[in-house]
There are 2 protein chains.
Amino acid sequence: MSGYSKSTVSRAISGNGYVSEDAKKKILRLANELDYVTNAIAQDLAKGTNHQIGLVLPHVKHPFFKQILEGVLEKSFDTHFKIVILPSNYDEALEIKYLEQFRKKAFEAMIFTSTQVSEERLMTYQKYGPLVLCHKPAHADIPAIYTERRLGYEAAFAWMKMQGVKSIGFLFARAKSPTTSVTISAYEKIFGQKVRKEQMLTGAISDEDGYALAPEVGQFDGIFANSDNIAAGLWLWYEERGLKKPLIVGQEKLLAGQLLNLPTVDNHYMELGQEAFQLAISKEVKQVSIDSNFYPSRPTT
Amino acid sequence: MSGYSKSTVSRAISGNGYVSEDAKKKILRLANELDYVTNAIAQDLAKGTNHQIGLVLPHVKHPFFKQILEGVLEKSFDTHFKIVILPSNYDEALEIKYLEQFRKKAFEAMIFTSTQVSEERLMTYQKYGPLVLCHKPAHADIPAIYTERRLGYEAAFAWMKMQGVKSIGFLFARAKSPTTSVTISAYEKIFGQKVRKEQMLTGAISDEDGYALAPEVGQFDGIFANSDNIAAGLWLWYEERGLKKPLIVGQEKLLAGQLLNLPTVDNHYMELGQEAFQLAISKEVKQVSIDSNFYPSRPTT
DNA sequence: TTGAAAGCGCTACCAA
DNA sequence: TTGGTAGCGCTTTCAA
C-alpha cells in the first residue's frame, strides 16, 4: 500500500463510501500498475456469503438431468448466482457429504434432482438454507417442484390399451424411485391389474441401455420406456434385426422419438429446472407441480 | 467455546496436530451438541484456495458443449475439485468478467469450451493459474486440448464426392469459429474449389434449427451439418414433406444419426472434456489433440 | 499436550 | 473525506 489506508483503498476499489476523486484516481491507477485486485474468497468471508448454489445430479446422461440442468443454468444466467455441479451417482454418502458442505456454508442453497438420503434427514438441514427437491416430497414443509406425471401416464396407458396392447414391459433407470411408483400406480389403475416383477426392467439410462435391454422384452407387445432415447435404442435393436416391434412409448418429446414418430409423454423437465432455480433463490417453502402431457404418434400418411 | 482454546478446538476438529484423546472427545461431543461446524469460506481463505474450477460454456444445447461437460464432470468426480458452470452465451464481456473473477481467485483453474476473447488477452491471465482451451490455439504456450478434425472432415468430403455430390451446403452454429475454418479448408482441399457465401448457413445449434433451416438448402445435393441432431432436424423436414433428401452428413455419432443411418464424423468430445479437466488440474502447459473419425452410413440391407 | 498470537484479505463501523 | 479498529472464522507456527 502506498499512501492511503486500508479502508480508503477498500472504498476506492469497491465503490462503497466516500472517497475524494483525487484519492480514488491515485489508488485505482496504482492498483492497476501493481496488478492488484481484491481477493474473492476474502470478500466472501467478510460478507458471509458466496452466492453459489449447489446442484446435485446423479449424472448427466439421462434427459431428466440434462434438461433440469439446462433450465437451471438458463435462469441463473441473469443473476449473480453461480451453479456448482455436485455429481452424486445415486450415492447417499456423497449426498450427505454435500449436505455437510452446505451446512458449512459452502453453498447458499441446494437443489436435489434426485435423493437417496431420506426426507427426514434432509429436513434436518433445512435450517441452514433453502433446499429444493425435484420430486414430490412426502412432507409438506420442504420446497419442491415436480412434474405431476399421473395424468400423462394414465393417458399413455389408456392409449396403449386402446391400441390393443395386452402385456406391457417397463424400462426404468432404477428399481425403486419416484418414477417407478407413479408409473406402476398409473398402470394398475388403467389396466386393473398388478404389475408383475418380470415386467420391470431396470438399468435404462441412455439409449445404449435401451438397445442392450431389447433382447429381454420379447414377451411384451407394449413397452413403456423412461425416455424417447431409450425407446429409440430399443427400436433400433428391432429394426436392425427386421423383427416386428412392440408398441413403444417414450418420454420427454425428444428428437429421437420425433424421428421415429413414437408416442411420448412430455414431462417438461426444462421448465422444472427453471422453477427449481427460482424456488432456491426465493427462499419460499412451497411446492409447485407441473402437469405432464401425452402425445400419441402422428397418424402415418 | 467452552474450555479449550481456539487452536485446540481447530486441531481437534480438523484432525491436524496433537490433541489428547480426552480433549478431543470433549470438544467433538460439545461441537455436536452445539451443532457447530467449521465455516468453509473461512477455511478457504485461511488455506488460500477453494478447489473450484470454472467451466465456461456458451450454452448446453449443442452436443459439443454437452459432451464436454459430461467428460469434465466424470473426471472431476473422484477429485476434491468442484465444477462451477459459467454460462457465457458467446459474450466477450461476460468472458472477461469471469476472467476477472479468476484473477480474484474465485477459481483455481478455468476451462474455456469456446472463446470470444482474443488469445492475447487470455494469455495475460495465465499468470493467475491454469487456463485451458478446447480448440487449437494459435500460440503454443497456452494449454489446450482439441479435436484435430481435418482428417475426419476430409474423409467425409471425399466420401461425399465419391457419392457424386456436386454442391454442398454447410450448417454452422456461427459464421466465424474454429469449426467453420477447418470445415471450409477441408472442403476446399477435397473439392478443389472455394466455398461460396451461399453455401454457408448459420444459426444451427439444436435439431430445431436444422429443421428451420431446411427450406433454405434446396439447391444443394449434399449437406454437411455440425451435428447429427441438426442433420436429423433437417432430415425430418424433408421426410414430413415426402421430398427427396440430399446426402446428409452429421457429426458426433449421436443416437439420432444412428437411427437414420446417417454418415457421421465422430469428434470425441466427451473424451475432450475428460482431458480438459486433467489438463486443468495438472498445471502442465501442453497441447493435446485427438483425431476425429468418419463413419460412412451402413450399407442398407 | 495446549495456548497465544499472527495471518489469510477483506468489509464496515465509528471517530476524527 | 480519511484512518483506526474490530470483526469475518479459520489455520498454523512457536513457545510454554
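Chain letters run A, B, ... following the sequence lines, proteins first and then strands; every chain starts at 1. All values derive from a computational prediction rather than experimental measurement.
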C/dT2 P sits how many Å from B/Asn16 CG, rounded?
16 Å
Out of D/dC10, C/dC10, D/dG3, minimum distance to the side chain of A/Ser5 belongs to D/dG3
Residues A/Glu74 and B/Lys61 bridged, charged N to O under 4.0 Å
yes
Only one of B/Val132, B/Leu86, B/Leu131 passes side chain to side chain contact (heavy atoms under 4.5 Å, CB included) with B/Phe112, and that residue is B/Leu131
Atom OH of B/Tyr4 and atom C1' of C/dT2 are separated, to the nearest Å, by 9 Å
Take the protein atom CD of B/Gln43 and the nucleotide atom C1' of D/dC10, then report the distance between them rounded to whole Å.
7 Å
Taking atom C1' of D/dG9 as reference, at what distance in whole Å does atom NZ of A/Lys104 sit?
12 Å
Compare side-chain N and O positions of A/Thr8 against OP1 and OP2 of D/dG3 and report whether any pair is under 4.0 Å apart.
yes
Indicate, with a heavy-atom threshold strictly under 4.0 Å, whether A/Asp44 touches base, sugar-phosphate, or nothing.
nothing
Residue met sooner reading DNA chain C from 5', once A/Val37 and B/Ser20 are mapped to nucleotides:
B/Ser20
To the nearest Å, how far apart are B/Lys47 NZ and D/dG9 P?
17 Å
Is there a donor in the side chain of A/Gln52 and an acceptor in the side chain of A/Glu108, or the other way round, less than 3.5 Å apart?
no
Whole angstrom value for the distance that separates C1' of C/dT1 from CZ of B/Arg11
8 Å
A/Glu100/A/Lys97 ion pair, N-O < 4.0 Å:
no
Closest-nucleotide 5' rank along DNA chain C - winner of B/Glu21 and A/Ser14
B/Glu21
Separation of D/dG7 atom P from B/Lys6 atom NZ, nearest Å, is 12 Å
Check the distance between C/dT1's C1' and B/Lys26's NZ and give it to me in whole angstrom.
13 Å
Please classify the nucleic acid contact of B/Thr38 as base, sugar-phosphate, or nothing, using heavy-atom distances under 4.0 Å.
sugar-phosphate
Taking only side-chain nitrogens and oxygens of A/Tyr36, does any of them come within less than 4.0 Å of OP1 or OP2 of C/dC10?
yes
Counting heavy atoms from C-beta on, name the nucleotide in C/dT1, D/dC10, C/dG9 closest to the side chain of A/Asn39.
C/dG9
Using a cut-off of 4.0 Å on non-hydrogen atoms, how would the nucleic acid contact of B/Ser7 be classed: base, sugar-phosphate, or nothing?
base
Of the nucleotides C/dC10, D/dT11, D/dG9, which has the atom closest to the A/Ala46 side chain?
C/dC10
Check this for me, if you would: do A/Asp35 and B/Arg103 make a salt bridge, where the nitrogen-to-carboxylate-oxygen distance has to be below 4.0 angstrom?
yes
